[in-house]
Protein chains: 4
Amino acid sequence: MKKGVMRPGHVQIRVLDMKEALKHYVDLLGLIETDRDESGRVYLKAWSEVDKFSVVLREADEPGCDFMAFKVVDEDALNQLEKDLIAFGLMVTHLEAGDLKDCGRRIQFTSASGHCFELYTDKKYTGKWGLNEVNPEAWPRGLKGMKAVRFDHCLFYGNALVETYDLFVDVLGFYLAEQVLDPDGNRVAQFLSLSTKAHDIAFIMHEEKGKFHHASFYLETWEDILRAADLISMEDVPIDIGPTRHGLTHGKTIYFFDPSGNRTEVFTGGDYNYPDHNPVTWKAEDLGKAIFYHDRVLNERFLSVLT
Amino acid sequence: MKKGVMRPGHVQIRVLDMKEALKHYVDLLGLIETDRDESGRVYLKAWSEVDKFSVVLREADEPGCDFMAFKVVDEDALNQLEKDLIAFGLMVTHLEAGDLKDCGRRIQFTSASGHCFELYTDKKYTGKWGLNEVNPEAWPRGLKGMKAVRFDHCLFYGNALVETYDLFVDVLGFYLAEQVLDPDGNRVAQFLSLSTKAHDIAFIMHEEKGKFHHASFYLETWEDILRAADLISMEDVPIDIGPTRHGLTHGKTIYFFDPSGNRTEVFTGGDYNYPDHNPVTWKAEDLGKAIFYHDRVLNERFLSVLT
Amino acid sequence: MKKGVMRPGHVQIRVLDMKEALKHYVDLLGLIETDRDESGRVYLKAWSEVDKFSVVLREADEPGCDFMAFKVVDEDALNQLEKDLIAFGLMVTHLEAGDLKDCGRRIQFTSASGHCFELYTDKKYTGKWGLNEVNPEAWPRGLKGMKAVRFDHCLFYGNALVETYDLFVDVLGFYLAEQVLDPDGNRVAQFLSLSTKAHDIAFIMHEEKGKFHHASFYLETWEDILRAADLISMEDVPIDIGPTRHGLTHGKTIYFFDPSGNRTEVFTGGDYNYPDHNPVTWKAEDLGKAIFYHDRVLNERFLSVLT
Amino acid sequence: MKKGVMRPGHVQIRVLDMKEALKHYVDLLGLIETDRDESGRVYLKAWSEVDKFSVVLREADEPGCDFMAFKVVDEDALNQLEKDLIAFGLMVTHLEAGDLKDCGRRIQFTSASGHCFELYTDKKYTGKWGLNEVNPEAWPRGLKGMKAVRFDHCLFYGNALVETYDLFVDVLGFYLAEQVLDPDGNRVAQFLSLSTKAHDIAFIMHEEKGKFHHASFYLETWEDILRAADLISMEDVPIDIGPTRHGLTHGKTIYFFDPSGNRTEVFTGGDYNYPDHNPVTWKAEDLGKAIFYHDRVLNERFLSVLT
């Protein structure tokens, strides 16, 4: 958190049918609906998150990710980051407070990889869902489905990984936790962290810009991963892969799809990191094991991405 | 245990190279070598088993299963079972005490499905490995690899399932725990139990007789299944599928291969049964989900079987 | 199951206040109410049980256990068992079909330890709760609280353990799975099994006859034990001990109390057994570790028992 | 990490007998010995730590904690921190590079609570034990005992909590994650974090200064906590409490003692935090549940502390 960028704050996902989408994100994944706005967007949060929302669903004609936002510690840091983004050569758009309900002003910019990102400092503090701040119990009663703990990170596909690395590391204060290098030493995947997490965002090299691979949500245990897989099967939801482990980060994971075709990940565990750790490197020629540690091959579905 | 047949007692598996095989069954699976005989066979047991061995490895030119044996409660029961087998129309072969080291006399017969089975009552009692009978600790120190708890069951492929059902149910005292029925009501898979286990043996319909799908070993927890999958990857062992859950029995499972091509299963959990339970039925048209509950499709590897 | 006694079938527990009791057994433990009768008794079952009920609650002036029943495979076996009980010197009482709703005739007798037991063969078959017999999912949706899987066993305190052993082993066909021996070789605790379970019933030596220590319910995993302990705390229910492990059976366990003072156990895992296993022995001088493997001392609460 | 203080780096613990201590910290806890120095101190690390050591054992006449150190991101930050400590009114002692083997210069100071702390920026980078930086496997083979993942935090007892809070929050850049307040609003326990962890250090109010409650080590799962408890029992090590859960932080835990009487904690899970989270508050009158969530009472052993 060298520059005051603290953590992933929200992601706006496009869905083809809101009612079907809510079955996925609320009933199955276990997010909690906290609000709707006049344009029809639905606001969701995971139970352990203290701010009002972390996922915004927008009905649209095609699926994908509109933008991902990071929360900044304070207004001074946000102002400095804006200057730094401009100095870095990016165009910064201002979205005023209230454009997302109960969220303060946001600044928006597009990475060289073709993805739209946001920074903001202020969002309504609603506290953990279902728990008191005084003498809180271990977990809230009444959670649904997979009982997702928090929105954790996104994986994007795109090109211009070097410029995107510079943006995230030099301007935004992320550090490189894990990477995939091809035989020529080119970085074809970069996992970037703001914290002790193995990644707060990740990029994989892809010829087209601006592709969305998945939004990821944290579960508590490997047993929760099993129950998530069971629920996926009980609800006849399309699965990509899992339960399995990633080589990169060593997290335990399932990939599956929402009714619009957006990929969702639920995962648990995974390595912790600090900025003084040498980055972990996987070889591109071992990408199968790097991505799916047990099968050691990439399935075809993994390669599909959305705009 | 209506006829005195108590449990799976041992399985003799053919391997192409004994040294390589022991890496698989001892170092990876975690069985313990207890003896070798003059013909070069190696005797193994899992730690929780009280008798001297449950797996016998025999070096041969092709992989597969020589025979699977069941332990019978006493000599009277064994004598009666022999009469009943002959009355059922089977030819019974006698193997004298010591043919397998520290094992009493065995009687052998071949099911209509083309598989060789044995019954015996006597094997050297060595107690649980690494634990005392007085004040036993929770688990033994020094186990290797996956720390397999016990040899649990085998799955065989073959035809003549009806005659084989009659043999196991009417003559040997098993009961039908789970089955797969085709649209015409024909049983294309039968899971048979002697105890409260979901299966002590299973058969799947296959045009050729005498095929061996896998020998299965019990692990304690879903976390042990994860560690087993990790070890499979660390050792670069060919995996078939998993970690996943079966629909049939609902056990949590991994299938992988020994260096000779024999499939090994490690699993945990799964439903319990009693003889008064109605058998669980899966529809043949849903065989994908019945076998691999999460993926809901059969992979091609699953269909491969050995002689 | 040498004599046709198959498994624990039900237990009738006295409670001081039915409404409070149902909060405990239904909302907290997760049993499902299946019926009530004219005398005000409430019938409950756990989700994996195929018969209509396994726990009967009766409102009374003092807590405790009225009787525990075992299901017998068929009428012939029940008739033979009745003869054997009488030959053993016990008085047998007949309870006609319908005395417990949807349960066939029962025969009742009192062990030398002062406890009332029943045998029956017939109870309405309702199947597993929330699951189909065809293509059953891995687990039912909508379970409450601890999601108890099944009524598993009871532990009773009383004297005359030798006579009680003879009754259960010689007449009823149980076998001794585990025991505690004092320095003189007297058996001061006996864990008796009908199946591959570590115990279907247990007795601990106590100077007074007819005491009830606990009824025990099976949970699936050690993580379920943690969630059970969390729920106990969230609901401010009195806890005896746990989460911990037993030395005897090595099951993982919590003891806690219903609002009337009856002790409930939830547990998971534990060793499996077969009749040919030598019984496991714990020394009475190590009873602390035998009962509570981690603390290695008995807490005072453990020693309290009900009539 | 507002001031460049990154994480707990090491703790020096006094032990009465080094050989006995190593059985505890190496064979049981699973730390790895990395070096010894001329004064007889032994250096240990946990497998996931990238620096050379995190625990230093010193043989002495009485047990306890000599000092706890935090790693600082760089030399500039360390210089600034030294100025800030002096400005705060503390005396700062310099320890030159090599005083601890393969560790750079350290600055030492004593909090108002009577505890000695250190800051440093440089320690030999040895990488995770048993894993490659390229294509690292999920976990290293050959770990012992509890397989401790990392040294996580210490809990100290002492007075002057307000001044100590100011030191850690204002000077060192920690934030308050959790606290216990008495009915008058006085903070009697403070859990302070540098990261997303629920605590990197904690203090509980105690009339005497400078007391040491425990050093804590992270394990991966609740199942590892069970195995740790089993090992404690197998090795006949004195246990304080557990397996259980804390109310504060909601971590799952065991407290036990090294042969010198120093308390060790192993724990897993627990809540994550960010600096913008409101601190969690527990009421002092509910301290039993705050500390031991399941038992909801403090045992007497918990109250014992060392100098």
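The structure displayed is predicted, hence computed values, not measured ones. We name chains A, B, ... by the order of the sequence lines, and we start the count at 1 in each one. Excluded from the calculations below are hydrogen atoms, water molecules and symmetry mates; all remaining heavy atoms, backbone and side chain alike, are included.
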Would you mind telling me which of Lys283(B), Arg7(B), Lys289(B), Arg150(B) has the largest number of heavy-atom pairs within less than 4.5 Å of chain C?
Arg7(B)
Can you pull out the residues in residues 171-195 of chain B with any heavy atom less than 4.5 Å from chain C?
Ser195(B)
Within the side chain of Tyr274(B), is there an N or O that forms a donor-acceptor pair under 3.5 Å with the backbone of Met6(C)?
no
Max heavy-atom pair count under 4.5 Å with chain C, selected residue of Thr196(B), Asn278(B), Val50(B), Val134(B)
Asn278(B)
Residues of residues 123-132 of chain C under 4.5 Å from chain B (heavy atom pairs)?
Tyr125(C), Lys128(C)
Using a 4.5 angstrom heavy-atom cutoff, name the option from Pro279(B), Gly4(B), Ser48(B) with the most pairs to chain C.
Ser48(B)
Side chain, backbone, both or neither: which part of Ala290(B) has a non-hydrogen atom closer than 4.5 Å to chain C?
neither
State, with a plain yes or no, whether a side-chain heavy atom of Asn135(B) is found less than 4.5 Å away from one of Thr281(C).
no
Minimum side-chain heavy-atom gap His250(B)-Pro136(C) below 4.5 Å:
yes
Answer whether the closest heavy-atom distance between the side chains of Asp276(C) and Lys71(B) falls below 4.5 Å.
yes
With only heavy atoms counted, which part of Glu285(B) is less than 4.5 Å from chain C, the side chain, the backbone, both or neither?
neither
Which atoms of Trp139(C) approach chain B - backbone, side chain, both or neither, heavy atom under 4.5 Å:
side chain
Which bit of Asp74(B) is near chain C, if near means a heavy-atom gap under 4.5 Å: side chain, backbone, both or neither?
neither
Please lay out, stage by stage, how Glu137(B) and Arg245(C) fare under the test salt bridge (Lys or Arg N to Asp or Glu O under 4.0 Å).
CA-CA 11 Å; Glu137(B) 300 293 357; Arg245(C) 189 196 279 279; over 6 Å; no
